[in-house]
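Contents: one structure, followed by commentary.
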Amino acid sequence: MAIKLYNTLSGNKEEFSPLDPGRVSMYVCGPTVYSCPHIGNARGPVIFDVLANLLRLDYELTYVRNITDLDDKIYQAAKEESADIKTITERYTKIYHEDIQALGVTEPDIEPKATDHIPQMIGMIEKLLQGGFAYESEGHVLFSIDSFSGYGQLSNRQQEDMIANSRVEIATYKENQNDFVLWKPSTTDLPGWDSPWGIGRPGWHLECSSMVESYLGKSIDIHGGGGDLIFPHHENEMAQSTCAHNGRKFCNYWIHHGLVNFKDAKMSKSEGNILLVRKLLENTPGEVIRLALITTHYRQPINWGDDVLNESKKKLDRLYGALRSVTDQIEEGEPSGKVIEALSDDLNTPKALAELFNMARTINSTKDKGEVTSLSASLKSSAKLMGLLQANPDEWFKTSYKDSLTPEEIETLIKQREVARSSDNFVEADEIRDRLLGLGVIIEDRDDGTRWKYLD
């Protein structure tokens, strides 16, 4: 089935066609490891994990996601903690891995660190200088945006708009204030590497271009990241990589996801509204957080609120409740064609999830044991594409509810369910049934009323 992806460069949804038939190269910007990841940092790994699963149905994929372990924020964190820089980067790399693995994110094929690629970065700078695309000034090497006629195409910005509301440093050593740093000098209290321009360190944008070339070549199929990276980071990457490779197109498909806001406000440390993944995991299963991150289409922002995780928990209870009706171990089946079709349409996870719920409803309503077994296998394999429903249903309900109910509370819920059923509100009725099941309570509808009992 043809995959269509929204390409930021063209502003259109395009049919995906890899440079090398049967093989796909994908690079995604990874974390800068100076603090614990927040929920906004987790959206990208989850989204591109789903895309990787989809691509691997038809292609051999090489997925690279980097670690940025040299950055002024890292050096500041080390200074504040009076700690060695390597101690900071290793600590937060470990925490990052633990947190996103708890969300069911699989490891990329290659995870390079920026500090391991300084020679490659120096080599790319030398190419840009030789080609007349860069210049030296006051110990810095800068890329001249005036040397590249395509600058601004990715972000669709005019030069006069580029400095406003963006991370562009104003400096006297720049010929054009939009020129960006390829190499900058280091003082004795900062990390530095020997180079033809003295002891210094690379600019942030150069790191990714060098690692892309090292592992995927001069041209790649997909480059991904958050929408906040379009400018200046990805715009600058595209410029320097194109110029370093004699005008060769750097990337065919630029994929960007929306950001995560908290109660209609941008998440930021200054606002005090940062939600750390690690903190959320203390009281919420990772799979619930993952579902919350894919319930909204990836290109749209998520407005995170108190109800987001509660709703995601209810949805997973309904899906696991359907699988729990199968007494035998569920074998993997063929994924639903409708789920694959939805994901192939620019990763339409909301539509794919809706199909999962359709399958769950059919499982709950049919009396044909063979159909139930077949549908359950398809449901599980379809959900796997999105990183869901891979736990044992019984274990899910045992571990995801920490509180128990008193008999009085059970009777109250059963009455609420009866009211919902009498009003034809079967979704709410199913949710109550699944909640009771999750708390170890089986209900049985009989002619003389509803009975319940605790699981043995």
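Annotation: side chain to side chain contact (heavy atoms under 4.5 Å, CB included) contacts of Gln416 (sequence neighbours excluded): Thr412, Leu413, Ile432. Shown here are the side chain to side chain donor-acceptor pair (under 3.5 Å) partners of Ser219, two or more places apart in sequence or in another chain: Arg248. In terms of the side chain to side chain donor-acceptor pair (under 3.5 Å) criterion, residue partners of Ser186 (sequence neighbours excluded) are, by chain and number, Arg201. With sequence neighbours left out, Gln101 forms a side chain to side chain donor-acceptor pair (under 3.5 Å) with no residue at all. Partners of His297 according to the ring-ring contact (aromatic ring centres under 6.0 Å, His included) rule, which considers only residues two or more places apart in sequence or in another chain, do not exist here. Considering only residues two or more places apart in sequence or on other chains, Tyr75 meets the ring-ring contact (aromatic ring centres under 6.0 Å, His included) condition with none of them. In this structure, the ring-ring contact (aromatic ring centres under 6.0 Å, His included) partners of Phe16, at least two apart in sequence or on a different chain, are Tyr59, Tyr253. Taking His234 as the reference, His223, Trp254, His256 meet the ring-ring contact (aromatic ring centres under 6.0 Å, His included) condition, with sequence neighbours excluded.
A 6.0 Å sphere centred on CD of Glu107 holds no more than 12 heavy atoms belonging to other residues, nucleotides or ligands. Under a cut-off of 6.0 angstrom, the local environment of CZ in Arg23 is sparse, with at most 12 non-hydrogen atoms contributed by other residues, nucleotides or ligands.
Contact check on Lys415 versus Glu411 returns no salt bridge, with no Lys/Arg side-chain nitrogen under 4.0 Å from an Asp/Glu carboxylate oxygen. Contact check on Arg361 versus Asp430 returns no salt bridge, with no Lys/Arg side-chain nitrogen under 4.0 Å from an Asp/Glu carboxylate oxygen. At a threshold of 4.0 Å, the pair Arg433-Asp317 does not count as salt-bridged, since none of the basic side-chain nitrogens sits closer than that to a carboxylate oxygen. For the pair Glu111 and Arg65, the salt-bridge criterion is met [side-chain N within less than 4.0 Å of a carboxylate O]. A salt bridge links Asp346 with Arg299: the distance from a Lys NZ or Arg NE/NH1/NH2 to an Asp or Glu carboxylate oxygen falls below 4.0 Å. Salt bridge Lys79/Asp72: absent, no basic N to carboxylate O contact under 4.0 Å.
In summary, the side chains of Thr93 and Asp69 do not present any donor paired with an acceptor at a separation below 3.5 Å, with no hydrogens or angles considered. When only modelled atom types and interatomic distance are considered, Thr68 and Asn66 share a side-chain donor-acceptor pair under 3.5 Å. Residues Thr450 and Asp445 have side chains that bring a donor and an acceptor to within less than 3.5 angstrom of each other. A donor and an acceptor atom, one from each side chain of Asn425 and Ser423, are nowhere located under 3.5 Å apart. His117 and Tyr215 form a side-chain donor-acceptor contact under 3.5 Å, judged by distance and modelled atom types alone.
The two atoms that bring Ile294 and Leu353 nearest to each other are O-CD1, 3.9 Å, heavy atoms only. When all heavy atoms of Thr296 and Thr349 are compared, the closest pair comes out as O-OG1, 3.9 Å. For Ile47 against Tyr298, the heavy-atom pair with the smallest separation is CD1-CB, 3.5 Å. Here the closest non-hydrogen pair linking Leu291 and Lys315 is CD2-CB, 3.8 Å. For Ser382 against Leu356, the heavy-atom pair with the smallest separation is CB-CD2, 3.8 Å. Here the closest non-hydrogen pair linking Ala383 and Gln390 is C-NE2, 4.3 Å.
The list of salt bridge (Lys or Arg N to Asp or Glu O under 4.0 Å) pairs with a residue in residues 372-381, not counting sequence neighbours, is empty. The salt bridge (Lys or Arg N to Asp or Glu O under 4.0 Å) contacts involving residues 25-44 comprise nothing, where partners must be two or more places apart or lie in separate chains. Residue pairs meeting the salt bridge (Lys or Arg N to Asp or Glu O under 4.0 Å) criterion with at least one member in residues 81-91, sequence neighbours excluded: Glu81-Arg91, Lys86-Glu90.
You'll find the side chain of Leu70 reaches within 4.5 Å of the side chain of Glu207, heavy atoms only. Considering only heavy atoms from C-beta on, Leu216 comes within 4.5 Å of Thr62 through its side chain. Taking 4.5 Å as the limit, every side-chain heavy atom of Tyr27 sits out of range of all side-chain heavy atoms of Phe48. Using a 4.5 Å cut-off on side-chain heavy atoms (C-beta onward), His38 and Val277 make no contact. For the pair Arg290/Val50, a side-chain contact is recorded, criterion being any heavy-atom separation below 4.5 Å from C-beta on.
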List the steps and the verdict of salt bridge (Lys or Arg N to Asp or Glu O under 4.0 Å) for Lys384 and Asp49.
CA-CA 11 Å; Lys384 186 177 181 179; Asp49 192 48; over 6 Å; no
Could you walk me through whether Thr366 and Asp368 pass side chain to side chain donor-acceptor pair (under 3.5 Å), step by step? CA-CA 6 Å; Thr366 186; Asp368 187 319; 5.7 Å; no
_Pair Asp345-Lys13, salt bridge (Lys or Arg N to Asp or Glu O under 4.0 Å): steps then yes or no_ = CA-CA 9 Å; Asp345 184 13; Lys13 194 188 296 185; 2.9 Å; yes
Where do Ser10 and Glu14 land on the side chain to side chain donor-acceptor pair (under 3.5 Å) test, with the steps shown first?
CA-CA 9 Å; Ser10 68; Glu14 301 175 3; 2.4 Å; yes
Please table the atom pairs, donor to acceptor, closer than 3.5 Å between any side-chain atom in residues 334-343 and protein atoms at least two apart or in another chain.
from, atom 1, to, atom 2, distance (Å)
Ser336, OG, Lys338, N, 3.2
Ser336, OG, Val339, N, 3.4

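Aromatic rings from Phe262 and Trp304 are positioned such that their centres are separated by 6.0 Å or more.
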